Amino acid sequence: MKMWSLKRVSSYLLISGLAISLSGCDSSTKDSESFIADDSEENSTIVTSSNSYQTTQTNSGEIETSSDSETIEQVSSELSSSSNNPTTESVTPSVGLKIPQIKTLYSGVPNDPIYGYQWHLTMLHTEDIWSQYSGSGVSVSVIDSGVEASHPDLYHNIDFSKSYRYSDSSNDPSPDKNQLSSDPYGNAHGTACAGIIGASGWNEEGVIGVAPTSDIVGFNAFSTGYDADFEDALGRADIDISSNSWGGQLSDMLYDDPASMRGVQNGIQNGRGGKGTIYVFASGNEGNNANYSTLHGSKYVFNIGSVTVDYEVPSYSNHGDNLLLTAPAGDQYGLMRNRGIFTTDLVGETYGFDNDYSSATRVLGDYDGDYTGLMNGTSSAVPVVSGSIALILEANPSLTYRETKYILAKSSTPTNVDDQFYRWEENGAGVLFSPYYGFGVLNLVSAVEMAKDFNHLSEEYIISKNATVQNGEIPDGDETGIESTIEIENSINIEHVKIILDIPNHRSIGDLEITLESPMGTTSQILSTGDMSEGTISNWEFNSLKFLDEVSTGVWRLRIRDLLSRDVGTLNSWSLTISGR
């Protein structure tokens, strides 16, 4: 067994193309594990059902799979046995700040001085929304390096009764002294994210957030980096939207985070009165396949990529068939030309992103380092989406997490469809999808309009079926590969598809190309050769959104090709789980 353990998580921020890791997580902190290989049963993170299957091999070498049963169940029972739920108790306010909190409400065109430079708000057409919805009554948590409580553009929107700094059990979510001393630059990350979501508006101060009257809840889990603290922050049931601009440090390693997943499961089951907390995550900044992470691929998570001011996908934005959509984010180049996201920064010139970069954002010269124009990466796309969802939920608070995800998918705008590089394809239900854009670019106006009178999705069902494969050796360096099939008899409209693969003895995962074809003829690229570094796939889950609204009934075909002559391996088994209605 090979196993690499990432004793930290990384923030998804780029400055001049360089990833910035949050310094609050060193070798003694968050024990998130990045699995390259796992042959041991006790370390398996995915448990499959025990249905019995027989396989036969045809003369053509095709692997056919037959089964004696398949399971279909309502989703209400899926999380019924979850345990160790994080606490949801509120924290007693103790912040020593004397300024009364007063929210500023809509009053026409924003008078915030930097508003004219916030090009992402122009792309979203927020002025067409704010007269009706500005996020009032919607809580958005920022799980990050802290949210500076004393910032004049954030203080009035922070909910101190829910915010929490884990290093000292304080309800002041600001970066603590250790964070500021160890990395006075990178620990501005959470404050920047919070400003994009919910900086106060119409207050003649700095910038304005996408949802300028929303309630910001700061969870400074990076102040300790402990798994238990991330689980707690994600599992708080009194939060509407959880904004997460962090993830696995490397996207060429299979990444699992069981503790965080437990928190997400608790929020889905108990959050928003059972409608489910909405989890928004960044796809990552390595320009690689986003389908490496069980957390980011989960059907409970909204996996977000980036587009620039030109509606192009920047080369840093991770791609894959588990991507929901893309949203405005800072460029990886051209920061001198105001192509970053303008938002709040740590107060003063000593701390924060503008500490050594004042010449790059000269428009901010009058603001003493309290704001920045350098926020970028998929880190900046996530709070844009989180703030947008706050407006959607204000328009229709009854929406479940599934319905919100569906609305975003169906209302997004396919962009650059004629550019072959982006690999747009229409699935069997007539839905366009690109591994680079997901279902398209966030269209806030269309999403809000769709949400207002949305008819609820019918109850969710889950179909699961396993296949044990005999004679499943994958030919080495051969374009023919192998094929295995699972036939689904029950019919639902698809929302999410998960497969679990067991290829434990192939030591070079980077050699493999893996695709899944639906009964309606749509092919989802799960992995491409070169996506991953060396290692194995042992009971590992991959996810796809590409089959949205297709019908589940029929034969599903898994194809695996080993395109590089370095190693040989065998497909022992695989399972198919389809969620839908």
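Along the sequence shown, the residues carry numbers beginning at 1. Because the structure is a prediction, the values reported are computed rather than measured.
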Is the side chain of [X] donor-acceptor paired with the backbone N or O of [Y] at a distance under 3.5 Å, no angle test?
X	Y	answer
S223	S167	yes
N187	L180	no
N291	N543	yes
D370	G348	yes
K546	D321	no
S260	D257	no
E425	F433	no
N318	N288	yes
N285	Y316	no
S283	I304	yes

Taking all atoms of both residues into account, what is the closest heavy-atom pair of [X] and [Y], and its distance?
X	Y	answer
E148	I158	O-CD1, 4.1 Å
E403	S398	OE1-O, 4.0 Å
P314	S306	CD-O, 3.3 Å
W119	R339	CZ2-O, 3.3 Å
N427	E550	CB-OE2, 3.3 Å
L234	S242	CD2-OG, 3.7 Å

Using a strict cut-off of less than 4.0 Å between a Lys/Arg side-chain nitrogen and an Asp/Glu carboxylate oxygen, indicate whether [X] and [Y] qualify as a salt bridge.
X	Y	value
K275	D240	no
K299	E495	no
D549	R581	yes
K177	D168	no

I would like to know whether T308 and D331 meet side-chain hydrogen bond (donor to acceptor under 3.5 Å, both in side chains); could you show each step before the answer?
-> CA-CA 6 Å; T308 65; D331 214 333; 4.8 Å; no
Once you round to the nearest 0.5 Å, how far does [atom1] of [X] lie from [atom2] of [Y]?
X	Y	atom1	atom2	answer
I341	S379	CD1	OG	11.5 Å
L374	S380	CG	OG	11.0 Å
N171	D159	CG	CG	9.5 Å
M123	D310	CE	CG	8.5 Å
Y367	T372	OH	OG1	14.0 Å
N178	T224	CG	OG1	11.5 Å

Aromatic plane relationship, [Y] with [X] - under 30° parallel, 30 to 60° tilted, over 60° perpendicular:
X	Y	result
Y437	Y422	perpendicular
F454	Y406	tilted
H296	F281	perpendicular
Y106	W202	perpendicular

Go through V147 and S163 one step at a time and tell me if the side chain to side chain contact (heavy atoms under 4.5 Å, CB included) criterion holds.
-> CA-CA 9 Å; V147 176; S163 296; over 6 Å; no
Does the side-chain hydrogen bond (donor to acceptor under 3.5 Å, both in side chains) test come out yes or no for S134 and T213, once each step is laid out?
-> CA-CA 6 Å; S134 56; T213 62; 2.7 Å; yes
Might you work through the ring pair (Phe, Tyr, Trp, His ring centres under 6.0 Å) test for F230 and F219, ending with a clear yes or no?
-> CA-CA 9 Å; F230 278 82; F219 288 137; over 10 Å; no
Got [X] and [Y] here, is their nearest side-chain heavy-atom distance under 4.5 Å?
X	Y	result
E205	T104	no
Y436	N416	no
L457	T400	no
D229	Y164	no
H120	M375	no
F302	K405	yes
F222	H189	no
T343	C193	no

Taking atom types as modelled and ignoring hydrogens, do the side chains of Y166 and D232 form a donor-acceptor contact shorter than 3.5 angstrom?
->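 Y166 vs D232: donor-acceptor pair found between side chains.
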Go through I197 and S214 one step at a time and tell me if the side chain to side chain contact (heavy atoms under 4.5 Å, CB included) criterion holds.
-> CA-CA 8 Å; I197 296 168; S214 61; 4.3 Å; yes
Decide ring pair (Phe, Tyr, Trp, His ring centres under 6.0 Å) for Y371 and H151; before the verdict, give the C-alpha distance in whole Å, the side-chain angles of both, and the deciding distance to 0.1 Å.
-> CA-CA 10 Å; Y371 298 89; H151 196 290; 5.1 Å; yes
Using the side chain to side chain contact (heavy atoms under 4.5 Å, CB included) rule, take T415 and V313 through it: C-alpha gap first, then chi angles, then the decisive distance, then the call.
-> CA-CA 10 Å; T415 305; V313 177; over 6 Å; no
Using the side chain to side chain donor-acceptor pair (under 3.5 Å) rule, pick out the option among T191, N203, T344 that qualifies with D153.
->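 Looking at T191, N203, T344, the match for D153 under the side chain to side chain donor-acceptor pair (under 3.5 Å) is N203.
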Determine, step by step, whether Y279 and S243 satisfy the side-chain hydrogen bond (donor to acceptor under 3.5 Å, both in side chains) criterion, reporting the C-alpha distance in whole Å, the side-chain angles of both residues, the deciding distance to 0.1 Å, and the verdict.
-> CA-CA 6 Å; Y279 292 95; S243 187; over 6 Å; no
Partner of Q118 under side chain to side chain contact (heavy atoms under 4.5 Å, CB included), chosen from L124, I196, V207 |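 Between Q118 and the candidates, side chain to side chain contact (heavy atoms under 4.5 Å, CB included) is satisfied uniquely by V207.
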Given the rule in the side-chain hydrogen bond (donor to acceptor under 3.5 Å, both in side chains) test, do Y351 and Q179 qualify, once you have shown the distances and angles that lead to the verdict?
-> CA-CA 11 Å; Y351 302 105; Q179 290 176 287; over 6 Å; no
Taking it one step at a time, do L548 and K410 satisfy side chain to side chain contact (heavy atoms under 4.5 Å, CB included)?
-> CA-CA 10 Å; L548 183 68; K410 299 292 283 187; 4.1 Å; yes
